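Note that the structure is predicted; figures quoted are calculated from it, not measured.
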Amino acid sequence: MTDLRRNRYSISAGVGKSVLDSLGKFYGSPKRQLPNKFEAGKEYTGYNAPWIPFALDWLKQGKYSSEWIAMGSLNEEPNNMIQLLKLITGDDGNSHLEKAQAATDLEYPVTKLLWNPSSVGSNTDSQLLASTDQQLRLWKTDFEAGIDSPLLCQASLSTHVKTHNNAPLTSFDWCKTDPSYIVVSSLDTTCTVWDIVAQQSKTQLIAHDKEVYDVAFLKDSINVFVSVGADGSVRMFDLRSLDHSTIIYEGDSTFWKRNGDYTNASPPVSAPLLRLSACDSDVNLMATFHHNSSDVQMIDIRVPGTAYATLRGHKGDVNAVKWMPGSKSKLATCGDDCVVSLWDLDQPVNPSPAPTLSVSGTTPGMTGSTSEYVTPVSSVNSMRETASPLNADNQYSPLLSWKLEHEVNNLSWSVKNDGLAVVYGKSLEILKVPQ
Amino acid sequence: MDSDSPILPLSNNPPAARTHDHSQRNNHARHVSSSGTTLFAPVKPATKKYNYRRVSPHGSYISPLEAMTVKLADTYSICNPKFQFSSEQNPRRPLTKPSEGVHNHGFDNVNHDYVLYVNDLLGTDEGRKYLILDTLGHGTFGQVARCQDLKTQQIVAIKVIKNKPAFYNQCVMEVSILELLNNKYDPEDKRHLIRLYDQFMHKNHLCLVFELLSINLYELIKQNQFRGLHLSLVRSFATQLLSCTSLLKQARIIHCDLKPENILLQDLSSPIVKVIDFGSACHERQTVYTYIQSRFYRSPEVILGLHYNCGIDMWSLGCILAELFLGLPLFPGNSEYNQLCRIVDMLGNPPTWMLEMGKNSKKYYNSGFVNGRKTYELKSIEQFSIENNKTEQPGKQYFGEKTLDAIVLNYPRRKTTPKLTPEEHEERLCFIDFIKQFLELNPLKRWTPDQAKNHPFITGASFSQYCIDKQKPLLTTQRTRNRSHTIGNQAVVPPSLQRASTYVSNEPEEFVHTRPLPQYYPPANENENVDEFF
């Protein structure tokens, strides 16, 4: 079995197009059994795409919530698409995914997908989906239309005309408090806030000194967002005072140049931060991880400079982290060790005293901060008689973990937190999360 | 772990679970496998195989997340060879304020500072190019940027001097002094002085390349909520700073601006410090400036306008060490008059000969004759305000006590027990005696760094024994005095001659430039005044 499987995969990489097509049809069967993963009799809910999926979002608002998943292809050729999947639950309680509407003939793979987070107009039969590649695009989906209907592009927003820059967009976040705002991050070191109703950029600012890889609005805010990038820092911005930003976190020397694969002439001092997830229940909490790191850094903006906890459990590079919607303590991660993990910060393995604010470093509030940078100070603690360590270094183990067949590249929560959609290899699978 | 966990080991796959469809797929796969074997040569095995991953030119696998973040530009280039993106088109963030270019063909702002941008380059020679990463600070001299040497990838601090002749000339002196200290006196980098790596001209700005250090001691105290440091840490800093000042004395260099802001931690992992900012430094034989030293750390001889030498750095060091322990400056004067008042309040009046010789004595002291001898009395705040046509503010009191002994002994501990242990009490007495040697008003009696190195606060010897030993030289002195009296023909050397003999010295060593200094072209306009030094 093992040899046969390996041969099959290696042949897939090099075989001609016609054979690949037939294999694609073969893999497309939604009722494939994978007995090594489930107990006998349990149904597998998944979808096999003819391409590698990356961008992923599970609809969380409206009367069709939890029924629709959007995913984007990562084809390194000018033939990419956005595919909607419909989750159909039968009378026997078993579910399966069906291919639905799609946007085809995209030139570039999309870096991020998000459904409209607004609950306004949630009873309509259509919903907006946003994506980023070189532009921020808004797609209109009609859930009652035929599954072969195309997704309609409602708008393409770009600052290229203004800046003459062709920079790809790395990610974006859709403001939940006011869904007319989307903030976009870019390789050109900027973040742009768009008013998608007026289809105008509200502001564009230089967020980092190198590429910006992810951005997120803070809970209940239309003005404050945080970003991460190639300079290895988390920065917070307030649209009401853009003269300065607050550095909330910077990686220390542990994260310096763990491999020599940086091609630009100026390798960063700290390894890049690739993705960021802001808690939607606690405005102070967020999670991020470094490039080539198997750890997740937990950040509290009231304790700037260092991580207040580190989640260590993955044995390969982390690829995604997402807070459970509505939770202040639970989040999911996935990585190159083929594992998806669920964590609970309320249940450390070895509890230790809570971190105390024993330094007078700037504590940024919702109104922003007057100091531009906060110096990391954790190491100075060792030189003070009364020092109490900021990084208490609670030990956490995952509540639950799934071992899958391939490296897990991305994940998305369901609206009821009872499921996780994950992508690995060319597959999307829905994992049941016990309540 | 949940009992319904879907995790199962592969070996648990029972044969009975196979279905007909599975078997059919198996057959299909076997067919493809057979065909593959015929058509393709075997692939060389990689150290770790990743499916569905592109291989980078360096031989590592690129994950989808990397392809969509770190390698996004490459990914889009593969999708469309016509795709073009260059980070050189990124918007540039100015670090210098104001950032509008006014002077020097638009390169300088209104203050004659070079306008720095993130990711710009300093230096044009091959092998001497530095990428601007961030700003570290600014001062009257110009600004300091954190940069990366593109040749060695090392992170450095570059001091970019204002495009004005006065600052250029002072900076040339700084370069000479630092090269002398680094290369001749401390080639092994052990005496806690900052290293100067290089210097070059960039757009008519002299740029000095320094090693990059961490936070300064003022910042350290500030982050400790202005609570004092433990005496063991103060001792560690004192030992290092004495090594530095000893070297300066050996080289006959006066720093002239020792203060906590100019003493930086090397990094945050150990209490190793280095002294920076020799922009005010001078040689003992070339003390041309009189307005030197930051006010809190200004020595009595400088305030009074007397001739000065390396001893003024020792006074500053005493103030610094006290501040490290107390968390607040010992003499936080709000004016030079107030500075002198605070010193006199705690330590008494300077010796009469200092007041006699000081150029500024008339400004601060009333003089008169009592019993035929000249006496000096510090002017009252009212008199000083009237005479100088300004309103002097009385100094705010930060310590409850007045004497140095009481301030240090009563400094509260940070634990619940209010009383000092006998060991702690003796340690504080030792510290008091130590810094009193630096806070000696009379520069002729103030200790040198090498004398201070032998104090029990540094050596760890018994302070009690030190006090006992301190009494013995008095007997010797008395004996000597008796002998002199017996001879009856030896006069006491008057203070003026003492001063003269102290300052007689050899000619200063010639400064040897290891590298010719770059050419400087002053800007055309010369009308603007030099900024006030402090």
Query - Side chain, backbone, both or neither of A:Val212 within contact of chain B (heavy atoms, under 4.5 Å) - result: neither

Report summary line: Output for pair (B:Asn90 CG, A:Lys210 NZ), nearest 0.5 Å, gives 10.5 Å

**Report entry** Residue B:Gln84 excluded, over 12 heavy atoms near CD under 6.0 Å
**Finding:** no

Report task. Report the distance from atom CD of A:Glu407 to atom OH of B:Tyr61, rounding to the nearest 0.5 Å. Result -> 10.0 Å

Requested in this report: Using non-hydrogen atoms and a 4.5 Å limit, figure out which bit of A:Val433 sits close to chain B: side chain, backbone, both or neither.
Outcome: neither

Report summary line: When every non-hydrogen atom of B:Ile78 is compared with those of A:Glu76, the smallest separation belongs to CG2-O, 3.5 Å

**Report entry** For the student: nearest non-hydrogen atoms of A:Asp188 and B:Pro91, plus distance
**Finding:** O-CD, 3.5 Å

**Report entry** Residue part contacting chain B, namely of A:Glu107, when any heavy atom lies under 4.5 Å
**Finding:** both

Requested in this report: Quick one: which of A:Ile52, A:Leu187, A:Asn410 has the most heavy-atom pairs under 4.5 Å with chain B, could you say?
Outcome: A:Leu187

Report task. Working to the nearest 0.5 Å, report the span between CZ of A:Phe54 and OG1 of B:Thr75. Result -> 10.0 Å

Query raised in the report: At a heavy-atom separation under 4.5 Å, does A:Asp133 approach chain B through its side chain, its backbone, both, or neither?
Result: both

Report task. Measure the CD-CG distance between B:Glu66 and A:Asp317 for me, rounded to the nearest 0.5 Å. Result -> 7.0 Å

Query raised in the report: chain B heavy atoms under 4.5 Å from A:Leu274: which part of the residue, side chain, backbone, both or neither?
Result: both

Report summary line: When the 4.5 angstrom heavy-atom criterion is applied to A:Leu74 and chain B, the contacting part is side chain

Query - B:Tyr76 to A:Pro109 - nearest heavy-atom pair and separation - result: OH-O, 2.8 Å

Query - Nearest-0.5 Å distance that lies between atom CG in A:Asp209 and atom CG in B:Leu131 - result: 9.5 Å

Requested in this report: Report the C-alpha distance between B:Cys79 and A:Asn80 in whole Å, list the side-chain angles of each, state the deciding distance to 0.1 Å, and finish with yes or no for side chain to side chain contact (heavy atoms under 4.5 Å, CB included).
Outcome: CA-CA 9 Å; B:Cys79 290; A:Asn80 283 275; 4.3 Å; yes

Requested in this report: Tell me, for A:Leu342 versus chain B, whether the close heavy atoms (under 4.5 Å) come from the side chain, the backbone, both or neither.
Outcome: neither

Query - Region of A:Thr190 that comes under 4.5 Å of a non-hydrogen atom in chain B - result: side chain

Query - Proximity breakdown for B:Arg92 and chain A, heavy-atom pairs closer than 4.5 Å - result: backbone

Report task. Might you point out which heavy atoms bring A:Asn166 and B:Phe83 nearest each other, and give the distance in Å? Result -> O-CE1, 3.7 Å

Report summary line: Scored by heavy-atom pairs under 4.5 Å with chain B, the best of A:Pro168, A:Ser185, A:Ala55, A:Ala167 is A:Pro168

Requested in this report: Walk me through it: do B:Asn80 and A:Gln134 pass the test side chain to side chain contact (heavy atoms under 4.5 Å, CB included)?
Outcome: CA-CA 12 Å; B:Asn80 179 7; A:Gln134 276 189 296; over 6 Å; no

Report summary line: Under 4.5 Å to a heavy atom of chain B? For A:Asn409 that would be side chain

Report summary line: For B:Tyr52 and A:Gly425, the nearest pair of non-hydrogen atoms, with its separation, is CD1-CA, 3.3 Å

Query raised in the report: CD1/A:Ile247 to CG/B:Asp134 distance, rounded to the nearest 0.5 angstrom?
Result: 7.0 Å

Query raised in the report: Taking all non-hydrogen atoms of both residues, which atom of B:Leu72 and which atom of A:Thr170 are closest, and how far apart?
Result: CD2-CG2, 3.7 Å

Report task. Count the heavy-atom pairs under 4.5 Å between each of B:Ser86, B:Pro64, B:Ser63 and chain A, then report the option with the highest count. Result -> B:Pro64

